[in-house]
Amino acid sequence: MKRVVITGAGTVNALGLTVPDTIAALAEGRCAIGPLDLPGAGRLSVRIGAAVTGFDPAPHLSPRQISLCDRFAQFALVAAAEAVQAAGPGALGPGAGVILGTAGGGLASSEAAYHAVFAEGAARVHPFTVPRLMASAATSHLTMAFGLKGPAFTVSTACAASNHAIGLAFQTIRAGAAPAMLAGGSEAMLTFGGIKAWEGLRVLSETGCRPFCASRDGMVMGEGAAVFVLEERDRALARGAPILAEIAGFGMTADAGDIVAPDPEGAAAAMRAALGDAGLAPSEIGYINAHGTGTPLNDRSECAAIRAVFGTDAGRVPVSSTKSLHGHLIGAAGAVELLAVLLALGQGVIAPTAGVRSLDPDCALDVVCGQARRAQVGAALSNAFAFGGLNAVLALRAA
Amino acid sequence: MTIEAEVIAILARQSGVAPAAIGPETGIDALGLDSLGLVETIFALEERFGISIPFAPAAEGRERDFDLSTVAGIVAGVAALRARPAAA
């Protein structure tokens, strides 16, 4: 089987509009969560989020691309351009493909169209409403922008979507079905209706995102995208590409339990599957980027799963949730969080969990809190556990 | 602003051709609009003038009472639709 490496990264998120800015913010432990400024915010009970500010697609996209693309697809295009540039010439090619994750797709476009016809009594909606809202739009635009004619599709598995996307792209290259892939996720759910929907579920915090903290009271929504160039290792070495990390394994499982409540057994099974796929022992893992949403239920369940998998080693593996910094990017969460994994593997810096006042005794692991920690990390796990019990865990090794 | 000036402004924005280079006899084909550009142009005309333009690319070949081939045709069509009471 072929080995798969990451040779380029790109992002747009609340911490930064590029990878270097995001990496710097992660290393600083800077929190991008703040008051939301959107139409109708006065009618929201949750008014905080990690919004992308200062994003201007105009320098990156053509007027036609901007007109055809919802915000989530614009994020993906801009992030992909940064990744492809970073990977250097020859990274892609006609046999290469794209797999992206998203949960909401072009939600703002759906909302605008519904608002026009339902609330305003408009006779028509914008003619590009369908190509803007379809969940696969970002993937299609990436194929067109970079001439990618290999395997290309979108996966939608709620909060695990981008980990599933990256894992499937990894498997595609490992199996020899494509020499290189763009993979990641994109989400733009910080809309009035998007927040209202999440509000209804009573899982959003009105105070902040404090994963593993005894005082945690919910998740905080973010938005953005991260896209990576995945490449067959020998090919990357032959062209002298920068190698950011190796994707060593992928594990996915389903809880088959509840549509919202997590099951520690499903999460543990996914971590074990990723370790087994990578041929890594738990003792080799030097960092876990947790799903760590900051809801009472997720964090307790995830910590129980980590204890089940790591046993006596559980207390010595550094864990952090960077959702406390960039918010929960839903279908793009695992992709943006992979940047924190690359920071740990490449620069020996573990990005912290912000906002923790005192650890919940149920979450008493080695949680990196407050500020970043220096550590030699040879291998790491990145967790994503979606509503509906769909679990996707990536295992990575340092380059 | 006359209907013609507004039609030209919409076509110029969609095609990227300067408004001064577009006149009544300009053919739509000469502006290089593709099918998406044409659909977006029709939407802009409908929104601007509060009309509904009969146009279905899927029904090509069928008799149309709206001439989209030239600027003058569009202006005449818009004027006729505006003069008509709004369709139910």
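Proteins get letters first, then strands, A, B, ... in listed order; numbering begins at 1 in each. Values reported hereafter were calculated over all heavy atoms of this structure, with side chains retained and with hydrogens, waters and symmetry mates removed.
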Enquirer: Identify the two heavy atoms, one from A/Pro127 and one from B/Glu40, that lie closest to each other, and give their separation to 0.1 Å.
Expert: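 The pair with the smallest heavy-atom distance is CG-CA, 3.9 Å.
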Enquirer: What residues of residues 134-147 of chain A sit under 4.5 Å from chain B when you count only heavy atoms?
Expert: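 Counting heavy atoms that sit under 4.5 Å from chain B, no residue of residues 134-147 of chain A is involved.
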Enquirer: Around atom CG of A/Asp37, are there more than 12 heavy atoms of other residues, nucleotides or ligands at under 6.0 Å?
Expert: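 Atom CG in A/Asp37 is not crowded, with 12 or fewer foreign heavy atoms closer than 6.0 Å.
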Enquirer: Examine whether an atom of B/Leu36 lies under 4.5 Å from a heavy atom of chain A, and if so say whether it belongs to the side chain, the backbone or both; otherwise answer neither.
Expert: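 Both parts, heavy atoms under 4.5 Å.
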Enquirer: Applying a heavy-atom distance below 4.5 Å, give me the residues of residues 72-97 of chain A that approach chain B, sorted by number.
Expert: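 So far as heavy atoms go, nothing in residues 72-97 of chain A approaches chain B to under 4.5 Å.
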Enquirer: Can you tell me how far CZ of A/Arg64 sits from CD of B/Gln14, rounded to the nearest 0.5 angstrom?
Expert: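 Separation between the atoms: 7.0 Å.
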Enquirer: Atom NZ of residue position A/Lys196 - does it have more than 12 heavy atoms of other residues, nucleotides or ligands inside 6.0 Å?
Expert: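 Count over threshold, so yes.
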Enquirer: So which of A/Ala123, A/Pro131, A/Ser67 has the biggest tally of heavy-atom pairs under 4.5 Å with chain B?
Expert: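 Top option by heavy-atom pairs under 4.5 Å: A/Ser67.
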